[in-house]
Student: 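Structure below; questions to follow.
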Amino acid sequence: SAVISQKPSRDICQRGTSLTIQCQVDSQVTMMFWYRQQPGQSLTLIATANQGSEATYESGFVIDKFPISRPNLTFSTLTVSNMSPEDSSIYLCSVRRKGSYNEQFFGPGTRLTVL
Amino acid sequence: DAKTTQPTSMDCAEGRAANLPCNHSTISGNEYVYWYRQIHSQGPQYIIHGLKNNETNEMASLIITEDRKSSTLILPHATLRDTAVYYCIVRVAFGNGNEKLTFGTGTRLTIIP
């Protein structure tokens, strides 16, 4: 399995501000993904973080609101910009490890509350 | 995207087999069925996956109907630690190596002592 850490684990933010979430993996991975889990809901894919190029966003998510970086094969960031209370969610990164063709491994998540 | 339908909640007695159903009637021929579970406040954990054939690993068994429109996850001897939300997922693999997991609403499984 892959060991995935996310920082911060949780945060409380004021509306209108931005928060950058980091995802660090202990080994090189081929794919990195960002998900959102709103309170009491299932997971929704935000985007695929592509190494060295722009992320691929799912319908309903845009780069201006959720800019993503992936400078190398073990690290990615997701920024939640100009936050509103509706952005209060758990944000999770997941990875597909090199050589693994079975599953995505998920990080522990970042619990964000926007006041 | 192919969608999945699962019961909202289920109970199972400790030590018994837990059978979790899932409907995925719009699944396409190249789409896999995956099962994950999420224990409270943790990231989802992979359980098992399959395409056409039934699969078994150390955690569970996956039974897929011949028409692939539904499947059942079986936890053979449920323990209290199996209490979690179980997600049935359809995975689409794209030709460029990318993929997408589409999570359903999940089944909240409660194991009763």
Side-chain angles (χ1 to χ4, degrees), chain A residues 1-6 9-10 21 23-25 29-51 53-61 70 73 89-112, chain B residues 1-9 20 22-24 30-51 53 55-60 62 73 84-109:
Chain A
S1 64
V3 177
I4 305 168
S5 61
Q6 287 187 230
S9 59
R10 58 177 62 224
I21 302 168
C23 178
Q24 179 73 55
V25 192
V29 296
T30 54
M31 310 291 292
M32 296 184 80
F33 307 88
W34 286 98
Y35 290 82
R36 180 176 72 181
Q37 187 171 26
Q38 294 176 299
Q41 303 296 313
S42 182
L43 282 76
T44 302
L45 180 64
I46 297 172
T48 302
N50 300 309
Q51 196 262 328
S53 64
E54 194 172 284
T56 304
Y57 289 85
E58 295 299 308
S59 175
F61 298 96
R70 189 181 170 192
L73 293 176
S89 295
I90 299 173
Y91 292 87
L92 301 106
C93 74
S94 74
V95 305
R96 174 175 285 284
R97 197 165 49 91
K98 252 187 176 182
S100 167
Y101 297 95
N102 289 339
E103 71 265 36
Q104 291 183 18
F105 298 98
F106 282 81
T110 296
R111 184 179 295 272
L112 170 63
Chain B
D1 295 340
K3 294 191 175 182
T4 61
T5 304
Q6 300 176 250
T8 303
S9 63
L20 291 86
C22 178
N23 287 324
H24 31 79
N30 64 341
E31 294 177 341
Y32 283 74
V33 178
Y34 275 66
W35 283 82
Y36 279 74
R37 71 181 182 184
Q38 188 174 27
I39 297 171
H40 184 63
S41 298
Q42 298 181 21
Q45 176 193 21
Y46 166 83
I47 301 173
I48 199 168
H49 77 284
L51 182 62
N53 301 321
E55 303 288 345
T56 296
N57 63 20
E58 65 277 5
M59 288 183 68
L62 175 60
L73 177 75
V85 177
Y86 286 76
Y87 292 103
C88 172
I89 298 160
V90 171
R91 171 183 171 256
V92 179
F94 301 107
N96 59 1
N98 200 358
E99 65 179 42
K100 179 178 179 181
L101 298 182
T102 302
F103 280 74
T105 54
T107 296
R108 183 174 298 278
L109 176 66

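In what follows, chains carry the letters A, B, and so on, assigned in the order in which the sequence lines appear, proteins first and then strands, with residues in each chain numbered from 1.
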Student: Please confirm whether B:Arg91 makes a cation-pi placement over B:Tyr32, using NZ or CZ under 6.0 Å from the six-membered ring centre and within 45° of the ring normal.
Tutor: yes

Student: Counting only non-hydrogen atoms closer than 4.5 Å, does B:Ile48 touch chain A with its backbone (N, CA, C, O), its side chain (CB onward), both, or neither?
Tutor: neither

Student: Ignoring hydrogens and angles, state whether a donor on the side chain of B:Tyr86 or B:Arg37 is under 3.5 Å from an acceptor on the partner side chain.
Tutor: yes

Student: Does any heavy atom of chain B fall under 4.5 Å from the side chain of A:Gln6, the backbone, both, or neither of them?
Tutor: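 It is neither, since no heavy atom gets under 4.5 Å.
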
Student: Would you call A:Glu58-B:Lys100 a salt bridge at under 4.0 Å N-O?
Tutor: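 Counted as a salt bridge, because a side-chain N and a carboxylate O are separated by less than 4.0 Å.
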
Student: Backbone N or O of A:Ser42 within a donor-acceptor pair of the A:Tyr35 side chain at under 3.5 Å?
Tutor: no

Student: Under 4.5 Å from any heavy atom of chain A, what part of B:Glu99 do you find: side chain, backbone, both or neither?
Tutor: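 It is both, since atoms from each part get that close.
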
Student: Given that the side chain runs from C-beta out, which part of A:Leu43 has a heavy atom under 4.5 Å from chain B: side chain, backbone, both or neither?
Tutor: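 For A:Leu43, heavy atoms of backbone and side chain both lie under 4.5 Å from chain B.
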
